[in-house]
Amino acid sequence: MSTLVILEQIYGGWHRMSWEALAAAQQMDGPVWAAVAGGANVNTLAADLAGKRLDRAWAVSHQLLTAYTADGYTAALAELIRREQPDLVLLPHTYQVRDFAPKLAARLGRTLVSDVVRIRRDDQGLVFTRQLFQGKLNADYRAVGPGPHFASIQAGACRADQVQAGTAAVEAFTPELDASMIRAAPQDPFREAQRAVDLTAAELIVSVGRGIKEQENIALVQDLAEALGAEFAASRPICDAGWLPMERQVGSSGQTVSPKVYFAVGISGAIQHLVGMKGSKCVVAINKDPNAPIFEIADYGVAADLFEFVPELTEQIRKLRG
Amino acid sequence: MKILAAIKQVPARDSQLRVNDSGTWIEEPDTSEINEPDAYALEEALQLREKAGGEVVALCAGPESASQTIREALAKGADRAIHIEDDDLGRFDSLGIARILAAAAATEQPDLILTGLQSDDLGFGQTGVILAELLGMAHATIIMKVEPRGTGIRVKRELEDGWFQNTDLPLPAVLTIQSGINKLRYATLMGIKKAKLKEVRKLTASGLGVAVEPSVRLERVFMPQRTKQTRMIEGSVRDQAAALVEALRHEVRVL
């Protein structure tokens, strides 16, 4: 069984999740192939692949791939996949992959199994495990019919440091693209105003989620942060609602933090939030639902009503600190 | 501008989920609601109509009970709706569902299709993108802003780590909308009253000529296993707080 992993370059370098996807591909039996798409610069970047354990590798290069577009990437990679006929195509589950991989799979008449945490093979073929209901349940999806099958790998599901070294010859692949195929006109990426709040250096973070219910309740959790001398942060829905500024958001669209202790208050633990904080040395989760996924990654769990528990905790900490 | 808002009904966020006896799906939840990102997609469609004129059609595939979510969309201001009624959509994979929606959408010839970036139940995050491919439309994902611009649109895409990108697209196009793009409205009493008179066109997967031929099949649903040794602190609220303070002082050593 051959596995093709499609790696991602971003702003001229490698997306860190590319190596996690490569590690996943190297765990499969059979030949492992890799491809990376881009403009002229991709040839330089692809030279890094020469030192990995790969049976084949392609630098998919074309002037029309210099700026990422779903149309360009889909056409180029569909051409490579049709020519080489891999049995399995793996990708890192990045924002860019979410933008083009479903289209790529559909063009080849297949469904992408996205955000996969585990892949195994039994006597009937491939089984992909992924999460449902924002991480509350898991599910096994079985590949049916002929390949290629497509899956994208969740952030952190495999370890980049487990990529095996070796040697590979990197081949050039020039897809047949035409400017008329590309409908989107993307401009340069930008960041909004400089972030005034840097959560990445914080030792202690108290973060509040949807469980807080109303804006006026936020102060309850802010008191806890003050008592602890912690930075105050939030999950996405709180910032979406405008209850806290976007710059205090932790998660895939906000900041990635790794404090000594991360207090998750009323946060259920959807993957979009977890990717931003699972590097924390210690996680304390406070949530009224004992089955909330946040408890799976917590060191200390308190299944309690936050409206009763948090003021009590704040008071005890204040007493201790005098 | 004619806009389709593709919406889905999912179990309510606070539902206690129970895996069914055969381990193939969940027991029927007590309450259901519109998928949250789809609510933002519908709202964006309504706001675009208010700015540029035109029509908003809600498109929903789901069982008979999804008519509740469709009525709410009409009460909020959608002009009419299409309900692809099916009690067992689980036999289709994402490509199959998108084929059903594409077949229904093709009968409307919309300028724009808006949908949420992902569903809160399955979370594949791909229906909109596949829909665009099947209909031959341009698309953009994780959208935080939509502006009509000449004969096309300019959208603001959210990228990772706080980056954004503006992209111009021709119409027709499909956009997957990020939660938080706008402020959701509530249905008014008048809206609820009017909704009762609005047209809901009913279609079926077989009537649309979509066959069941999945390339992936949901085989088993199960509770996740804890990978980390979590110490659950039990007792009264006061005892729990005391035990946590104790752990923070002597085990984690941050107090």
Side-chain angles (χ1 to χ4, degrees), chain A residues 70 94-95 98-99 102-103 106-107 110-115 127 131-134 136-145 149 183-187 189-192 195 204 236 239-240 252-254 260-261 282 284 293 295-304 308-309 312-313 316-317 320, chain B residues 11 17 19 26 93-95 98 120-126 129-130 132-134 138-142 158-170 179-180 214-224 226-228 230-233 237-238 240-242 244-245 247-248 252 254-255:
Chain A
T94 61
Y95 277 32
R98 289 160 70 175
D99 194 64
K103 181 178 177 74
R107 187 159 298 181
R110 301 290 183 279
T111 286
L112 167 75
V113 188
S114 61
D115 214 8
V127 179
Q131 298 171 320
L132 302 178
F133 298 98
Q134 312 257 334
K136 288 185 193 136
L137 294 176
N138 278 5
D140 281 345
Y141 280 84
R142 180 173 292 282
V144 184
H149 296 288
R183 292 166 290 187
Q187 299 171 7
F190 62 94
R191 274 189 147 150
E192 313 241 271
R195 276 180 185 148
L204 297 176
R236 175 149 197 140
C239 300
D240 279 348
S252 58
S253 50
K260 245 186 196 168
V261 188
C282 173
V284 177
F295 288 124
E296 277 152 47
I297 61 139
D299 295 274
Y300 298 94
V302 178
E308 291 174 25
F309 179 76
E312 176 66 30
L313 180 62
Q316 291 198 20
I317 290 167
L320 185 71
Chain B
L17 303 174
V19 177
I26 55 163
D93 61 6
S94 302
L95 179 56
D120 288 340
D121 54 357
L122 295 178
F124 278 108
Q126 58 181 345
V129 178
I130 305 173
E133 169 70 8
L134 296 176
H139 82 266
T141 52
I142 321 188
E158 182 183 304
L159 308 178
E160 285 155 352
D161 297 322
W163 289 84
F164 296 92
Q165 182 178 42
N166 287 324
T167 297
D168 291 338
L169 291 175
S179 293
S215 64
V216 285
R217 196 180 65 228
L218 178 57
E219 193 168 71
R220 184 170 76 101
V221 176
F222 55 102
M223 295 294 287
R226 291 233 160 101
T227 48
K228 202 161 171 179
T230 306
R231 186 179 144 204
M232 292 303 287
I233 298 173
V237 163
R238 171 171 285 219
Q240 284 176 309
L244 182 56
V245 167
L248 291 172
V252 195
V254 290
L255 281 184

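Just so it is clear: chains get the letters A, B, ... in the order the sequence lines come, proteins before strands, and each one is counted from 1.
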Proximity breakdown for [X] and chain A, heavy-atom pairs closer than 4.5 Å:
| X | result |
| --- | --- |
| B/Leu17 | side chain |
| B/Ile233 | both |
| B/Ala242 | both |

In terms of heavy-atom pairs under 4.5 Å with chain A, which of [options] leads?
| options | result |
| --- | --- |
| B/Thr141, B/Asn166, B/Val221 | B/Asn166 |
| B/Leu169, B/Asp120, B/Ile130 | B/Asp120 |
| B/Ile26, B/Asp168, B/Val254 | B/Asp168 |
| B/Leu134, B/Ile142, B/Val19, B/Val245 | B/Ile142 |
| B/Ala132, B/Gly125, B/Ser94 | B/Ser94 |

Could you tell me if the side chain of [Y] sits less than 4.5 Å from the side chain of [X], heavy atoms only?
| X | Y | value |
| --- | --- | --- |
| B/Trp163 | A/Tyr95 | no |
| A/Arg110 | B/Asp93 | no |
| B/Gln240 | A/Phe309 | yes |
| A/Leu112 | B/Gln126 | yes |
| B/His139 | A/Lys103 | yes |
| B/Pro11 | A/Phe133 | yes |

Write down the atom of [X], the atom of [Y], and the distance for their closest heavy-atom approach.
| X | Y | result |
| --- | --- | --- |
| B/Ala241 | A/Glu312 | CB-CG, 3.7 Å |
| B/Gly123 | A/Ser114 | O-OG, 4.2 Å |
| B/Glu158 | A/Ser253 | OE2-CB, 2.7 Å |
| B/Thr230 | A/Phe295 | OG1-O, 2.8 Å |
| A/Tyr300 | B/Ala247 | CE2-CB, 3.6 Å |

Between CG of B/Leu159 and OG of A/Ser252, what distance do you get to the nearest 0.5 Å?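 OG of A/Ser252 is found 12.0 Å from CG of B/Leu159.
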Out of curiosity, B/Thr167 OG1 to A/Arg183 CZ, how far, rounded to the nearest 0.5 Å?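 Between atom OG1 of B/Thr167 and atom CZ of A/Arg183 there are 13.5 Å.
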Top of [options] for chain B proximity - count of heavy-atom pairs under 4.5 angstrom:
| options | value |
| --- | --- |
| A/Val284, A/Leu137, A/Thr94, A/Leu132 | A/Leu137 |
| A/Leu320, A/Val127, A/Asp115 | A/Leu320 |
| A/Val302, A/Asp299, A/Ile317 | A/Asp299 |
| A/Arg98, A/Gln134, A/Arg142, A/Gln131 | A/Arg142 |

Under 4.5 Å heavy-atom distance to chain B, tell me which part of A/Val261 shows up: side chain, backbone, both or neither.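 Side chain only.
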Using only atom types and a distance under 3.5 Å, with no angle test, would you say the side chain of A/Glu308 pairs donor to acceptor with the backbone of B/Val237? no
Is a donor on one side and an acceptor on the other found under 3.5 Å between the side chain of B/Glu219 and the backbone of A/Ala139? no
Indicate yes or no: does A/Arg191 engage B/Glu160 in a salt bridge with an N to O separation below 4.0 Å. no
Sort out for me which residue in A/Thr111, A/Val144, A/Asp140 forms a side-chain contact (heavy atoms from CB on, under 4.5 Å) with B/Arg217.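 Exactly one pass, corresponding to A/Val144.
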Evaluate the criterion side chain to side chain donor-acceptor pair (under 3.5 Å) for residue pair B/Ser179 and A/Asp240; output intermediate values, then yes/no. CA-CA 7 Å; B/Ser179 293; A/Asp240 279 348; 4.8 Å; no
